[in-house]
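All remarks here apply to the structure that follows.
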Amino acid sequence: MFVDEIHRFNKAQQDAFLPHVENGLLTLIGATTENPSFEVINPLLSRSRVIVLEPLSKEDVTLLLKRAAKAEGIKARNFPDKSIDLLAEMSTGDARVALGTLELAIGLANGKTITKELIESAAQRHLPGYDKAGEAHYNIISAFIKSMRGSDANATLYYMARMLDAGEDPKFIARRMVIFASEDIGIAAPAALNLAVSTFQAVERIGMPDANTAYFTALRC
C-alpha cells in the first residue's frame with residue numbers, strides 16, 4: 001500500500017496500520033515532505049526503513065529537460081544550452097518546477113527559440129524551500145548561526161535573505177542574533193550584544209522593509 005503525504009494521518013490513523021504491517025498483510029510505503037521523525041509515530045518508524053530523497057543535481061535536471069524537449073519535438077537549436085542551464089539552475093533540484101516552467105516557456109515561445117528571457121518570464125519568482133515550523137526552518141536558522149560563527153558575512157546575509165524572502169518573522173531572526181551575541185561572542189566582545197539588542201529594537205519598532213538596513217549594518221559589523 002502506497003500512502004502519499006502520510007504525515008497528514010493522525011496518530012490514531014497511523015496506529016491502524018501497525019497490526020497489518022506486523023503480520024505481513026501490508027507492505028506499507030509512505031511518502032512525506034516532512035521530517036518522519038516529527039510526523040510519523042515511533043512504533044511505525046521502528047518497523048520501517050526511512051529513505052531520504054535528495055534534490056536532483058543540476059546535471060540530472062539538465063538531462064531531464066533535454067529529454068522532455070525532445071519528447072515535445074523541440075529542436076536543439078530552439079532550446080540552446082544557455083537556456084537549459086538557466087532553467088536547471090532556477091529549478092533548485094525540483095523536477096516538477098523544471099518541467100512546469102519548460103511547458104510554459106514552450107507555450108510562450110510559440111515555435112520560436114526558447115530564450116533566457118522567456119525562461120525568466122515563465123519562471124517568474126520561485127521561492128526557495130522553507131517552512132516556518134518544520135525541518136527547513138531549523139536547518140536554515142542553524143546555517144545562519146553557523147555562518148555568523150564562521151565570520152562569513154556573505155553566507156549570513158544569504159540565509160537571512162532566504163528566511164525573509166520566505167516570510168519568516170524578522171523578530172525571530174533578530175532574537176537569534178541577540179542569543180548568538182551573548183552565547184557565542186560573550187565577554188570576548190561585549191559591544192556585540194549592544195549591537196544585537198539595538199538591531200532587535202530597530203526591527204521591532206520600525207518593521208520591514210526599512211529594518212533591512214539595520215540588519216545589514218549589524219551583520220557587516
Side-chain angles (χ1 to χ4, degrees), residues 4-8 29-40 50-72 74 76 78-109 113-150 152-170 172-173 176 208-209 212 215-216 219:
D4 194 17
E5 303 290 357
I6 194 171
H7 62 272
R8 297 188 184 277
I29 302 173
T32 175
T33 53
E34 304 293 333
N35 187 330
S37 299
F38 299 153
E39 304 294 341
V40 180
V50 177
I51 300 174
V52 179
L53 301 180
E54 301 291 348
L56 296 175
S57 68
K58 184 178 177 180
E59 291 73 21
D60 290 335
V61 176
T62 298
L63 179 60
L64 181 71
L65 289 170
K66 289 180 177 179
R67 288 178 176 175
K70 184 177 180 180
E72 291 293 322
I74 306 299
N78 287 337
F79 195 22
D81 288 342
K82 60 183 180 180
S83 296
I84 297 174
D85 186 72
L86 175 62
L87 181 49
E89 186 73 33
M90 295 178 72
S91 67
T92 60
D94 191 323
R96 289 173 297 184
V97 170
L99 293 174
T101 305
L102 175 60
E103 183 179 14
L104 184 55
I106 290 172
L108 292 173
T113 300
I114 302 174
T115 62
K116 292 175 65 176
E117 290 73 23
L118 276 179
I119 294 294
E120 291 172 349
S121 177
Q124 291 297 308
R125 181 171 176 264
H126 175 58
L127 292 177
Y130 189 75
D131 49 53
K132 293 183 69 175
E135 187 174 21
H137 168 83
Y138 295 106
N139 286 343
I140 295 176
I141 193 62
S142 176
F144 175 73
I145 296 295
K146 288 176 181 176
S147 298
M148 287 195 292
R149 193 173 291 150
D152 190 335
N154 289 331
T156 303
L157 289 169
Y158 165 76
Y159 289 114
M160 182 193 72
R162 182 167 171 176
M163 288 186 285
L164 291 173
D165 200 36
E168 181 59 80
D169 182 358
F172 167 76
I173 302 172
R176 297 306 304 176
M208 299 299 286
N212 269 331
Y215 272 131
F216 184 81
L219 292 174

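Reckoned from all heavy atoms, side chains included, excluding hydrogens, waters and symmetry mates. Values in this document were obtained by computation on a predicted structure and should not be read as measured data. For reference, positions follow the sequence shown, starting with 1.
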**Asked** Is there a side-chain contact between Thr101 and Met90, using heavy atoms and a 4.5 Å cut-off?
**Response** no
Run His137 and Glu168 through side-chain contact (heavy atoms from CB on, under 4.5 Å) and show every step you take.
CA-CA 9 Å; His137 168 83; Glu168 181 59 80; 3.1 Å; yes
Between Gly93 and Val61 the two heavy atoms that sit nearest each other are CA-CG2, 4.2 Å
Residue pairs meeting salt bridge (Lys or Arg N to Asp or Glu O under 4.0 Å), one or both in residues 54-68, sequence neighbours left out, come to Lys58-Asp85, Lys58-Glu89
All heavy atoms of Ala69 vs all of Leu102, minimum pair found to be N-CD2, 4.2 Å
d(Met160 CE, Phe144 CZ) to nearest 0.5 Å is 7.0 Å
Scanning both residues in full, the closest heavy-atom pair of Leu86 with Lys116 reads CD2-O, 3.7 Å
Decide yes or no for Pro170 and Leu164: does some side-chain heavy atom of the first lie under 4.5 Å from some side-chain heavy atom of the second? yes
Item to complete: Just do the side-chain contact (heavy atoms from CB on, under 4.5 Å) check on Thr115 and Glu120 with the steps written out, would you?
Response: CA-CA 9 Å; Thr115 62; Glu120 291 172 349; over 6 Å; no
Nearest heavy-atom approach of Ile114 to Ala109 is CG1-CB, 3.9 Å
Between Ser91 and Ala98, the two heavy atoms sitting closest are CB-CB, 3.7 Å
Pairwise side-chain contact, Ile84 with Leu87, heavy-atom cut-off 4.5 Å (strictly under): no
- request: Would you indicate whether the side-chain heavy atoms of Asp94 and Pro55 approach each other to under 4.5 Å?
  value: no
Residue pairs meeting salt bridge (Lys or Arg N to Asp or Glu O under 4.0 Å), one or both in residues 136-149, sequence neighbours left out, come to Arg149-Asp184
- Message: Set out, in order, the CA-CA distance, both residues' side-chain angles and the distance that settles side-chain contact (heavy atoms from CB on, under 4.5 Å) for Glu5 and Thr33, then state yes or no.
- Response: CA-CA 7 Å; Glu5 303 290 357; Thr33 53; 3.8 Å; yes
Rounding to 0.5 Å, atoms OG1 (Thr62) and CG (Asp81) come to a distance of 9.0 Å
For Glu103, I'd like to know if atom CD has over 12 heavy atoms of other residues, nucleotides or ligands within 6.0 Å.
no
Could you check whether any side-chain heavy atom of Ile145 comes within less than 4.5 Å of a side-chain heavy atom of Tyr159, counting everything from C-beta outward? no
To the nearest 0.5 Å, atom CG of Asn154 lies from atom OG1 of Thr156 at 8.5 Å
> Side chains of Ile106 and Ile74: does their closest heavy-atom pair fall under 4.5 Å?
Replying inline: yes
- Do Thr32 and Arg8 come close enough that some side-chain heavy atom pair is under 4.5 Å? no
The reported gap from CD1 in Ile140 to CZ in Arg162 (rounded to nearest 0.5 angstrom) is 4.0 Å
Query raised in the report: Where the side chain of Ser83 meets the backbone of Phe79, is there a donor-acceptor pair that is under 3.5 Å apart?
Result: no
*Applying side-chain contact (heavy atoms from CB on, under 4.5 Å), run through Ser121 and Leu108 and close with a yes or a no.*
CA-CA 9 Å; Ser121 177; Leu108 292 173; 4.1 Å; yes
